[in-house]
2 protein chains.
Amino acid sequence: MPVNKRIRRSPEEARQHILAVAERRLAELGLEGLSVQGVAEAAGISHANVIHHFGTTQGMRTALFMQMSAKLLADVDTALRADIPPDQVLGRLFGSLLESGHGKLLAWRMLANVELPTNEAGAQFQSIVNALGEDQAEAKRIVLLVAGVAMGIAICREPLQQMIGIDDSELSAFPGWLGDLLTAASDA
Amino acid sequence: MPVNKRIRRSPEEARQHILAVAERRLAELGLEGLSVQGVAEAAGISHANVIHHFGTTQGMRTALFMQMSAKLLADVDTALRADIPPDQVLGRLFGSLLESGHGKLLAWRMLANVELPTNEAGAQFQSIVNALGEDQAEAKRIVLLVAGVAMGIAICREPLQQMIGIDDSELSAFPGWLGDLLTAASDA
DNA sequence: TTTATTATTGACAATTATGTAAGTAAAGGA
DNA sequence: TCCTTTACTTACATAATTGTCAATAATAAA
């Protein structure tokens with residue numbers, strides 16, 4: 001006598017449901033939250049069902065990281081394709097990495113032993129470099145600077161803010177300041 | 001009849017022995033390598049002995065992260081106290097974070113849910129900010145920029161280099177370029 | 001309605017991890 | 001030499017995790 005009626009989703013819906021829960025747990029609990037058991041319980045299904053959809057724990061994690069990477073790239077792409085001033089582009093890039101938690105995801109992907117197929121991010125970066133002007137070496141350094149500081153702040157925002165003594169309003173003004181700094185440097 | 005004579009260390013020696021093994025495992029295996037059982041086996045002792053010295057698993061991890069943080073701060077302090085030009089300070093800071101692997105370890109600390117007592121790093125950062133000139137807000141932004149990009153590159157050096165297309169010589173020239181950029185901006 | 005497919009579940013086994021308790025042995029001090 | 005301390009170990013209990021397998025039920029097709 002089943003008390004609750006069994007919920008039967010399409011494979012794609014089930015996978016999305018599971019991955020959504022996993023993403024939330026990753027943000028809240030870190031890598032330790034990505035156990036099949038924990039995710040299944042939080043998703044209200046049996047852990048065997050998660051195994052059914054992803055094969056193994058690593059399969060689930062890989063699927064999660066791939067999906068989040070795709071989202072991140074889409075966000076970055078949206079931020080960069082828009083016809084807006086450079087400093088605002090920078091701000092949107094920062095927002096994409098900071099607010100959505102994508103930066104932390106990237107860091108996990110770097111640090112965790114998650115083997116993923118190489119994606120097409122390289123080509124996107126190349127297009128950014130090309131769009132930045134004629135001096136390729138300078139453009140590369142600027143991209144490295146922006147991407148690096150975005151990643152660093154994404155991962156270490158809280159301790160850096162606290163230790164340096166930067167409040168939220170100052171932090172939100174930081175991308176604009178950096179944009180001005182770079183435009184001023186390119187003018188000189 | 002014990003085949004091997006039992007090794008008895010002083011508490012401090014034992015703790016250092018365990019933490020050294022744990023640090024190596026963290027670098028090689030990530031957070032998953034920081035189980036009491038795994039560390040103990042790699043250290044050639046019983047896992048109960050690890051518990052004896054650190055109380056709990058979290059205790060061991062906390063001790064590890066605290067010690068690594070202390071090492072990192074010592075390195076940064078050494079790099080910053082030397083009387084050398086700003087661009088070289090930046091270079092030494094980068095070197096401290098990149099070559100020693102401390103940047104990655106610091107990132108682990110951010111991503112792991114390890115609650116640590118606030119350390120004295122804030123005061124050091126404050127002294128750096130104060131030394132940077134009269135404009136405190138500007139100094140804070142500069143410190144945030146340098147520290148952020150150092151952390152970001154420490155964690156994501158390899159993929160960033162690959163995707164942007166920066167070779168090692170260009171990367172080693174990057175700190176100097178950033179130093180010039182900042183000094184030029186402060187002049188203007 | 002009947003049938004076939006398969007998403008889903010509960011039960012099971014195996015492994016691993018954590019922490020406890022009691023006993024053992026190494027080292028220093030009396 | 002004896003005694004005390006405690007680092008260390010073995011053994012145990014418990015819980016968590018992973019993955020398998022057979023059974024069940026929801027859904028669509030026939």
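Residue numbering restarts at 1 for every chain, and letters A, B, ... go by the order of the sequence lines.
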Sorted by chain and number, sequence neighbours left out, salt bridge (Lys or Arg N to Asp or Glu O under 4.0 Å) with Arg157(B) holds for none

Here the salt bridge (charged side-chain N to carboxylate O under 4.0 Å, His left out) pairs for residues 64-73 of chain B, sequence neighbours left out, are Glu23(B)-Lys71(B)

Worksheet item: Under the 3.5 Å rule, do the base of dT9(D) and the side chain of Arg6(B) count as making a donor-acceptor pair?
Response: no

Does the side chain of Thr57(A) get closer than 4.0 angstrom to OP1 or OP2 of dG19(D) through an N or O atom? yes

Output a table of nitrogen or oxygen pairs between the protein and nucleotides 2-6 of chain C separated by less than 3.5 Å.
| unit_1 | atom_1 | unit_2 | atom_2 | d |
| --- | --- | --- | --- | --- |
| dT6(C) | O2 | Arg8(A) | NH1 | 3.1 |
| dT6(C) | O2 | Arg8(A) | NH2 | 3.1 |

By side chain to side chain contact (heavy atoms under 4.5 Å, CB included), Ser46(B) pairs with (sequence neighbours left out) Ala48(B), Asn49(B)

The correct set of residues in residues 12-20 of chain B placing a heavy atom under 4.0 Å from DNA chain D is Ala14(B)

Residues passing the salt bridge (Lys or Arg N to Asp or Glu O under 4.0 Å) test with Arg25(B), sequence neighbours excluded, are none

Here the residues of residues 35-48 of chain B within 4.0 Å heavy-atom distance, strictly under, of DNA chain C are Ser35(B), Val36(B), Gln37(B), His47(B), Ala48(B)

Residue set satisfying side chain to side chain contact (heavy atoms under 4.5 Å, CB included) with Glu12(A), at least two apart, ordered chain then number -> Ser10(A), Arg15(A), Gln16(A)

Side chain to side chain donor-acceptor pair (under 3.5 Å) pairs touching residues 35-44 of chain A, sequence neighbours excluded, are none

For Phe54(A), the ring-ring contact (aromatic ring centres under 6.0 Å, His included) test, sequence neighbours excluded, returns none

Those residues at least two apart in sequence (or on a different chain) that pass side chain to side chain contact (heavy atoms under 4.5 Å, CB included) with Arg8(B) are none

Residues pairing under salt bridge (charged side-chain N to carboxylate O under 4.0 Å, His left out) where one sits in residues 29-39 of chain B, two or more places apart or in two chains, turn out to be Arg61(A)-Glu32(B)

